Protein chains: 2
Amino acid sequence: MSPPLSPVRTRNAAATRTAILEAARRRFAHEGYDQTGLRDIASDAGVDAALISRYFGGKEELFEEVLTCGPNIAEFLDGDRDSFGERVAQMLAVEPMREEKFELFLIMLRSASSPKAAEAIRRHSHDAFYQPLETWLGGDDAAVRARLLSCVMMGATMNRVIHEDYLLDGQQRQELCEALARTLDNYVSGPV
Amino acid sequence: MSPPLSPVRTRNAAATRTAILEAARRRFAHEGYDQTGLRDIASDAGVDAALISRYFGGKEELFEEVLTCGPNIAEFLDGDRDSFGERVAQMLAVEPMREEKFELFLIMLRSASSPKAAEAIRRHSHDAFYQPLETWLGGDDAAVRARLLSCVMMGATMNRVIHEDYLLDGQQRQELCEALARTLDNYVSGPV
DNA sequence: CCTAGAAGTCACCAACTGATGACATGGCCC
DNA sequence: GGGCCATGTCATCAGTTGGTGACTTCTAGG
């Protein structure tokens, strides 16, 4: 599927670990937990599959490690508060989905139905998404606002995953982006 | 998992087909395509697993049949246009998720990551969700409005699936419901 | 009552998965 | 240079899955 990430790597445990983690993250994001086999990850990382179980304990532990060492919501929270909606909407509706920013969403969406992965996702999506978002929002109804934001972000990603944007042309995507931005900004600072 | 749906059924092909379809729909909705085995469905339907392949051709064909014979968006489109937001938001945020109305969403969310099921989902979600919704909305920007509605509906369902509502209490859920209703109604008839 | 064929069951297959223990190999320190 | 241990590979296992063909059993029609 992918070219090897670290072409030169000679018996360097740390580098091998990283290569496995990166390969796993990409696989989990683009195919989901169930559809990703240890042999796939190993092949991408240029490593024998047995090594993964030895390094991480097993597939589930690898998945947890991928979640905890990966990107989180902080990226979206950086920057001007007033342009939050526009920044996020741009990513959700316009930017190509292969972006790394998407990986967290994709992993959650594509793996949430696997019982083995569900608990890790639930925990991580709370700790590395909801909680920071809620704190960033502040105020009494931060929890509800965070949920509303999450609904739109998740739903927009889900729709792109299912339909791969076949249904909307560039113009419509632009309109979608603007509408999403308004909704998001409203959830951030408007009346709930 | 579930009690047999048709306790008395003696060599009645049509009834057996229906029993299999119902069992499959529930399984696919609550566990997803990958996690559901033909043996699980057969067990729920009180039938031998071999019968499923013989009746439907295979798991993929069964899945397609479940989608096409199941509920669609029409249920949400019935009733007063002005109360659309409230009705849908009520379902999304308040009503128990075991409701049959949810099954279409759950099937899509929980099975979208399976390549075998993805194409059927894409097609069905277009034919039995987007298209009717777009027609119902009407107007030049119906496609964009349909997408916006879909984002919120999908996202809200996704969040409930992941977090099972642990994060919100009754009061917050009520606030969430009202906010969702406003957003949905705005997408239906407000300025996009 | 009896048989033909539908309805349902059983045993089994090949493919795949995650995992494990035995083995090979290369780099580092003395 | 030589041995040791971390690093990596190989063969293989047990479990599960979807699928298939041969078999049994029950019902309907004569």
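In what follows, every chain begins at residue 1, and chains take the letters A, B, ... in the order their sequences are listed. What you are looking at is a predicted structure, and each value in this text was computed from that prediction instead of being measured.
Rounded to an integer number of Å, the gap from B/Asp34 CG to C/dC16 P is 15 Å. The interatomic distance linking A/Ile20 (CD1) with D/dT9 (C1') rounds to 13 Å, in whole Å. The OH-P distance, from B/Tyr33 to D/dT17, rounds to 13 Å in whole Å. The distance from atom CG of B/Asp48 to atom P of C/dC12 is 14 Å, rounded to the nearest whole Å. Taking atom CD1 on A/Ile52 and atom P on C/dT20, their separation rounds to 14 Å, with Å as the unit. Distance B/Lys116 NZ to C/dC16 P: 10 Å, rounded to the nearest Å. Nucleotide C/dT17 holds its C1' atom 13 Å from the CD atom of B/Gln35, rounded to whole Å. Atom CG of B/Asp40 is separated from atom P of D/dT17 by 7 Å (rounded to the nearest Å).
Checking D/dG19, C/dG18, D/dT9 against the side-chain heavy atoms of A/Leu38 singles out C/dG18 as nearest. Relative to the side chain of B/Arg39, the nucleotides D/dG19, C/dT9, C/dA7 differ in distance, and D/dG19 lies closest.
A distance-only check finds no donor-acceptor pair linking the side chain of B/Asp165 to the backbone of B/Arg160 [under 3.5 Å]. B/Ser83 places a side-chain N or O within 3.5 Å of a backbone atom of B/Asp80 that can act as its donor or acceptor partner. Put simply, the side chain of B/Arg110 never gets that close to the backbone of B/Asp34: no donor and acceptor are under 3.5 Å apart.
For the atom pair CZ (A/Arg17) and CD1 (A/Ile52), the distance works out to 11.5 Å, reported to the nearest 0.5 Å.
Looking at residues 58-69 of chain B, you'll see B/Gly58, B/Lys59 sit with a heavy atom under 4.0 Å from some atom of DNA chain D.
Phosphate contact (OP1/OP2 of C/dG8, side-chain N/O of B/Tyr55, threshold under 4.0 Å): present. The shortest distance between the side-chain N/O atoms of A/Thr16 and the OP1/OP2 oxygens of D/dT7 is not below 4.0 Å. Taking only side-chain nitrogens and oxygens, B/Ser53 never comes nearer than 4.0 Å to OP1 or OP2 of D/dT20.
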Letter per nucleotide, 5' to 3', of nucleotides 22-30 of chain D [B base touched, S only sugar-phosphate touched, - untouched; heavy atoms, 4.0 Å]:
---BB----
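Side-chain contact check for A/Thr68 and A/His124: no donor-acceptor pair (N or O, by modelled atom type) lies under 3.5 Å. For the residue pair B/Gln90/B/Glu86, the side-chain donor-acceptor check at 3.5 Å is not satisfied. Residues A/Thr183 and B/Tyr187 have side chains that bring a donor and an acceptor to within less than 3.5 angstrom of each other.
Remark: B/Asp140 CG is loosely packed, at most 12 non-hydrogen atoms of other residues, nucleotides or ligands lying under 6.0 Å away.
Judged by the 6.0 Å distance and 45° axis criteria, A/Arg145 is not positioned over the aromatic ring of A/Trp136.
At a threshold of 4.0 angstrom between heavy atoms, the contacts of A/Ala13 are confined to the sugar-phosphate backbone, with no base atom among them.
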